[in-house]
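Here the structure comes first, spelled out in structure tokens, and everything after it is commentary.
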Amino acid sequence: MNVQITRGASRQQKAEIVKDITESLVRVLGKKPEHTHVVIQEIDDENWGFAGMLTDDWKVAQAGTSSHGR
């Protein structure tokens, strides 16, 4: 199982992701935990895009939007 996330997760958070995904594959698909591999690939915000924007630009835009409401 390959999981892609933007950078910034702690080691503990990544361990929890691996545990949860493994438990889900065991429960839903009957996989053996020892045969389940989870690879976490961290992507820089500038290399991840959605909604027509790069994630780092989106975060800047969101920060600007939230400061207008104050």
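Remember, predicted model here, so these are calculated numbers, not experimental data.
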For residues 37-54, which side-chain donor-acceptor pairs fall under 3.5 Å, sequence neighbours excluded?
| from | atom 1 | to | atom 2 | distance (Å) |
| --- | --- | --- | --- | --- |
| Gln41 | OE1 | Gln4 | NE2 | 2.9 |
| Glu42 | OE1 | Lys14 | NZ | 3.2 |
| Asp44 | OD1 | Arg7 | NE | 2.5 |
| Asp45 | OD2 | Lys59 | NZ | 2.8 |

Problem set entry | Atom pair NE2 (His35) and OG1 (Thr22), whose distance is rounded to the nearest 0.5 Å | 13.0 Å

For this session: Would you sort out whether Val60 and Asp56 count as a side-chain contact (heavy atoms from CB on, under 4.5 Å), showing the intermediate values?
Result: CA-CA 6 Å; Val60 169; Asp56 56 350; 5.8 Å; no

For this session: Sort and list the pairs that fulfil salt bridge (Lys or Arg N to Asp or Glu O under 4.0 Å) and have at least one residue in residues 18-29, not counting sequence neighbours.
Result: Lys19-Glu23

Exercise. Taking all non-hydrogen atoms of both residues, which atom of Val26 and which atom of Lys31 are closest, and how far apart?
Worked result: CG2-O, 3.1 Å

